[in-house]
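Sequence positions, counted from 1, serve as the residue numbers for this chain. In what follows, every heavy atom counts, from backbone to side chain, and hydrogens, waters and symmetry copies are set aside. Indexing begins at 1, ligand by ligand and atom by atom, following the structure's order. The model shown is predicted, which means the values in this text are computed figures rather than measured ones.
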Amino acid sequence: MYTKRSHSLAFSRSYDVSKKKREVIKPQLNFTDKVNNNETIPFIPRIKLKPNAISPLSDFFTCATIITQIQCGQILIHEVHKKYPELLQNPYYREIQAFKLTHEQIQLRTPQVPKSLDDTKYVYVDCKVELNKIMDHIKLQRELAIDLEAHQFRSYYGFTCRIQMSSRTNDYLVDALALRDELHVLNNVFTDPSIVKVLHASDNDIEWLQRDFAVYIVNLFDTFYAAKQLNLPLGLSYLLETYCNVHTNKQKYQNADWRIRPLPDDFIHYARCDTHYLLYIHDILRNLLLESCQNNPLHLQQVYDRSRQVCQKTYRHRSFDPKAVKKLKLSPLDDQK
Ligand code: AMP
Ligand code: MN
Ligand code: ZN
């Protein structure tokens, strides 16, 4: 049962359903990968294929016997470190390190103003057929905006509920609970070094992609680090208001229950706004970074280097801190979003 506090966090006033209907069946009960809540058992990503590889995926990742033994606690963590260190490292570390900016990425270009939400194609994706269709579209893009919504209140490590993506023409909202076992295909685009992935304050998103889908990012431009480099306020809300005249209620929706289905219209609107304008914001910040240095790409490169460091992180289960759940609401992230 939810506590009084979690009720108020999970459901906005506009989602006015009876108390009985508010019960959400725990989605994690349907996950094919059983969630490992034992902190002594190391996290091993479920990666089986490695598109856009420079170095091949270690065979250990596909060796069911070794993985099962680790997950059952038969191989202890210090042995994993000794015998199978690859399993504890970021499988795309080398590709992220090797990635080089293209000429196009470090040039001043006219920002592409996005169409209004009403004039933009919007697709809700909750089946494999639709997922394949969006893959066909996003693999043709030069840039892609991405954001994740997660559930963290009533679960041990938490899980991703929705992934938003925007190209220059389309907005997608992906049901990451329904497609949890399929989303590894995103690696085809997310690790493609020729496509810029634009996220805002992506430290958590990078970890959640690794934890829930074994998805990695090569070629990241994080607008948070761009704003930081430019000494601008760091929140996405500020960037949206300043450059796009769009107002969002971050506090309400960051704390909302993203597990619920169907998603109410105001949730969909909020989710779309998180990525719809992000490529345009990227265009503006890229130009500002170039202009701040007499068109020398130094500052822009510093933002890409900082973004590269975020991509190179490796997700690990952290000790659970019940106080952290409380802290979330007051987290300094509020200043960044
Ligand atoms: P955002 O990138 O702002 O859309 O936030 C993505 C996710 O981060 C949300 O779905 C929440 O799970 C989590 N989150 C971010 N900021 C907060 C916050 N201040 N309090 C609680 N959860 C947050
Ligand atoms: Mn985000
Ligand atoms: Zn978001």
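For the Zn ion (ligand 3), protein N, O or S atoms closer than 2.8 Å were enumerated as D147 OD2, E149 OE2, D274 OD2, with waters left out.
Per-residue contacts place E149 under 4.0 angstrom from the following atoms of ligand 1 (heavy atoms of the residue considered): 4 (O), 5 (O), 6 (C), 7 (C), 9 (C), 10 (O). Each of the following atoms of ligand 1 lies closer than 4.0 Å to a heavy atom of Y270: 3 (O), 4 (O). Of all atoms in ligand 1, numbered sequentially from 1 with element shown, those under 4.0 Å from a heavy atom of K250 are 1 (P), 3 (O), 4 (O).
Scanning all heavy atoms of the two residues, the minimum distance from I70 to P42 falls at CG2-CG, 3.7 Å.
Of the possible donor and acceptor atoms, one in the side chain of Q210 sits under 3.5 Å from a partner among the backbone N and O of K313.
Ring pair H317/Y157 is parallel by interplanar angle, where below 30° counts as parallel and above 60° as perpendicular. Between Y253 and Y270, the ring-plane angle classifies as parallel under the 30° and 60° cut-offs.
The shell of residues lying under 4.0 angstrom from ligand 1, judged by heavy atoms, excludes F159. In this structure, D274 is part of the shell of residues with a heavy atom less than 4.0 angstrom from ligand 1. In this structure, L148 is part of the shell of residues with a heavy atom less than 4.0 angstrom from ligand 1.
No part of D205 comes within 4.0 Å of ligand 1, judged by heavy-atom distances. The proximity of Q251 to ligand 1, defined as any non-hydrogen pair under 4.0 Å, does not occur for either the backbone or the side chain.
Side-chain polar atoms of D119 and S116 form a donor-acceptor pair below 3.5 angstrom. Between D305 and Y225, the side chains place no donor N or O within less than 3.5 Å of an acceptor N or O (distance only, hydrogens not considered). A donor-acceptor pair shorter than 3.5 Å cannot be found between the side chains of N90 and Q312.
Residue W208 has no N or O atom closer than 3.5 Å to an N or O atom of ligand 1. Checking only distances, Y253 never comes within under 3.5 Å of ligand 1, N or O to N or O. In terms of polar-atom proximity, defined here as any N/O pair under 3.5 Å, H151 makes no such contact with ligand 1.
For the pair I138/N170, no side-chain contact is recorded, criterion being any heavy-atom separation below 4.5 Å from C-beta on.
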| task | Please test F159 against F31 for ring-ring contact (aromatic ring centres under 6.0 Å, His included), starting from the C-alpha separation and ending with a verdict. | result | CA-CA 11 Å; F159 46 84; F31 293 170; 5.6 Å; yes
| task | Assess whether ring-ring contact (aromatic ring centres under 6.0 Å, His included) is satisfied between F221 and Y304, documenting all intermediate values. | result | CA-CA 6 Å; F221 181 94; Y304 271 107; 5.4 Å; yes
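Taking hydrophobic clusters as Ile, Leu, Val, Met, Phe, Trp and Tyr residues chained together by side-chain heavy-atom distances below 4.5 Å, I77 does not share a cluster with F61.
Under the side-chain contact (heavy atoms from CB on, under 4.5 Å) criterion, I54 pairs with R94, E95, A98, not counting sequence neighbours.
Taking the N/O/S atoms of D147 in turn, the shortest distance to the Mn ion (ligand 2) belongs to OD1.
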